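Working notes, structure below.
Keep in mind that this is a model prediction, so the values were computed, not measured.
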Amino acid sequence: MRFYAACLASYNNGRLHGAWIDASDDIEAMQEQVNAMLRSSPCPNVMIIHPETGKSVPSAEEWAIHDHEGFGKLSEYAGLAAIVKAFNINECAEERGIPFAVLQEAMSDAGADDADRYVSDHYQGAYDSWRDFAEQVVTDTHDMSAVPEWLQSHIDWESLARDFEIGGDWNAYRHNGETYFFTTR
């Protein structure tokens, strides 16, 4: 994951100037790279104190994200906190085998910030369909051996799946032929 930080002073003067920056969970390190790019701008518009020399030097002051790789939805002015959040979502998604886009959307829908906690508390797994999920939930939470075999064959798993889908206790996200389930509670 990386993003292109573009100098807006240069952009407004018809010049492209910026830097590709690798995403991380270290805001300060990314900010230092953005600041270095701004100090090297061919169109400085402010004077700043250089962090290493302590001398006043020309610099640009505004930047925006003009491109990115691997972030899904990311606005031009998202800022470094959004980069860190996306980076952490990606790390968690890779560790848990959940597609980044699925986890990003699920967390956005839930208003969640901490990817590891959200997955630990809400992720239910990936299934081929709502039917498969409903059957798994029921067999995991009920003693099916107490239900006679002849009666088990009469369980309408499709109807139960519809009830699960409209019940509001789970959100489902379809991706590449699989459906990923998260509790809403």
Side-chain angles (χ1 to χ4, degrees), residues 1-5 20-31 34 64-185:
M1 298 179 81
R2 64 187 191 144
F3 63 98
Y4 185 78
W20 279 101
I21 299 174
D22 290 329
S24 75
D25 60 357
D26 187 345
I27 287 181
E28 289 178 16
M30 290 187 295
Q31 186 65 60
V34 169
I65 299 166
H66 280 192
D67 201 358
H68 56 83
E69 295 174 351
F71 284 98
K73 300 173 188 171
L74 187 66
S75 81
E76 183 176 20
Y77 299 104
L80 296 177
I83 299 284
V84 168
K85 182 177 179 182
F87 179 82
N88 290 332
I89 291 170
N90 186 61
E91 293 272 302
C92 180
E94 285 182 358
E95 288 171 9
R96 307 290 180 97
I98 304 168
F100 170 76
V102 167
L103 185 52
Q104 185 180 43
E105 184 177 356
M107 288 181 63
S108 175
D109 289 350
D113 289 321
D114 184 329
D116 287 322
R117 182 174 179 166
Y118 179 74
V119 170
S120 293
D121 292 350
H122 298 280
Y123 183 57
Q124 301 297 300
Y127 297 85
D128 290 334
S129 65
W130 272 97
R131 183 202 182 285
D132 291 345
F133 175 67
E135 185 173 354
Q136 188 68 50
V137 168
V138 170
T139 58
D140 284 350
T141 58
H142 294 81
D143 181 10
M144 294 304 286
S145 66
V147 180
E149 252 185 71
W150 67 268
L151 186 55
Q152 287 184 30
S153 65
H154 292 283
I155 297 173
D156 185 352
W157 294 112
E158 293 296 333
S159 178
L160 190 58
R162 280 190 302 280
D163 288 349
F164 273 36
E165 189 170 0
I166 62 175
D169 290 331
W170 295 281
N171 283 334
Y173 302 89
R174 192 92 177 136
H175 184 80
N176 290 341
E178 285 193 294
T179 306
Y180 297 81
F181 291 87
F182 296 84
T183 61
T184 58
R185 295 174 271 133

Quiz item: What pair of heavy atoms forms the shortest contact from D121 to T183, and how long is it?
Solution: O-OG1, 3.7 Å
Practice problem: Grab the two heavy atoms, one from M1 and one from F87, that are nearest each other, plus how far apart they are. | Solution: SD-CA, 4.0 Å
Quiz item: Atom CD of E165 and atom OG1 of T179: how far apart are they, to the nearest 0.5 Å?
Solution: 9.0 Å
Quiz item: Can you name the closest pair of heavy atoms from G79 and I65 and give their distance?
Solution: N-CD1, 4.2 Å
Practice problem: Give the C-alpha distance, both sets of side-chain angles, the deciding distance and a yes or no for side-chain contact (heavy atoms from CB on, under 4.5 Å) between S129 and E158. | Solution: CA-CA 10 Å; S129 65; E158 293 296 333; 5.9 Å; no
Exercise. Apply side-chain contact (heavy atoms from CB on, under 4.5 Å) to the pair F71 and I83, showing each step before the final yes or no.
Key: CA-CA 8 Å; F71 284 98; I83 299 284; 3.9 Å; yes
Self-check item: Heavy atoms from other residues, nucleotides or ligands near CD of E76 exceed 12 (cutoff 6.0 Å)
Solution: yes
Exercise. Please report the shortest heavy-atom distance between E95 and D116, naming the atom on each side.
Key: OE1-OD1, 4.2 Å
Self-check item: Closest approach of Y77 to A64 (non-hydrogen atoms, all atoms of both residues)
Solution: CE2-CB, 3.6 Å
Quiz item: Aromatic rings W170 and F133: how do their planes relate, parallel, tilted or perpendicular, breaks at 30° and 60°?
Solution: perpendicular
Quiz item: Any donor and acceptor pair, going by atom type alone, linking the side chain of T184 with main-chain N or O of G168 inside 3.5 Å?
Solution: yes
Quiz item: So how far is it from I98 CD1 to F182 CZ, rounded to the nearest 0.5 Å?
Solution: 4.5 Å
Quiz prompt | Residue pair H154 / P148, side-chain heavy-atom distance below 4.5 Å | solution = no
Quiz item: Are H122 and N171 close enough that some pair of their side-chain heavy atoms sits under 4.5 Å apart?
Solution: no
Quiz item: When rounded to the nearest 0.5 angstrom, what distance separates CZ in F3 from CD1 in I21?
Solution: 4.0 Å
Practice problem: Please report the shortest heavy-atom distance between F164 and A134, naming the atom on each side. | Solution: CE2-CA, 3.6 Å
Quiz item: What do the steps show when you test W157 against V138 for side-chain contact (heavy atoms from CB on, under 4.5 Å), and what is the final call?
Solution: CA-CA 10 Å; W157 294 112; V138 170; 3.7 Å; yes
Practice problem: May I ask you to test the L103-C92 pair for a side-chain heavy-atom distance under 4.5 Å? | Solution: yes
Practice problem: Flag the pair D109 / E105 as yes when at least one side-chain heavy-atom distance between them is below 4.5 Å, and no otherwise. | Solution: yes
Quiz item: Rounded to the nearest 0.5 Å, how far does CD of E69 lie from CG of D22?
Solution: 9.5 Å
Practice problem: Identify whether the distance between the nearest side-chain nitrogen and carboxylate oxygen of E135 and R131 falls below 4.0 Å. | Solution: yes
Self-check item: Separation between OH of Y180 and CZ of R174, rounded to the nearest 0.5 Å
Solution: 9.5 Å
Quiz item: Any side-chain heavy atom of F181 sitting closer than 4.5 Å to one from V137?
Solution: no
Self-check item: Point-to-point distance, once rounded to the nearest 0.5 Å, from CE of M107 to CZ of R117
Solution: 11.5 Å
Quiz prompt | Any side-chain heavy-atom pair of I89 and K85 under 4.5 Å | solution = yes
Self-check item: Student check: side-chain heavy atoms of E178 and V102 closer than 4.5 Å
Solution: no
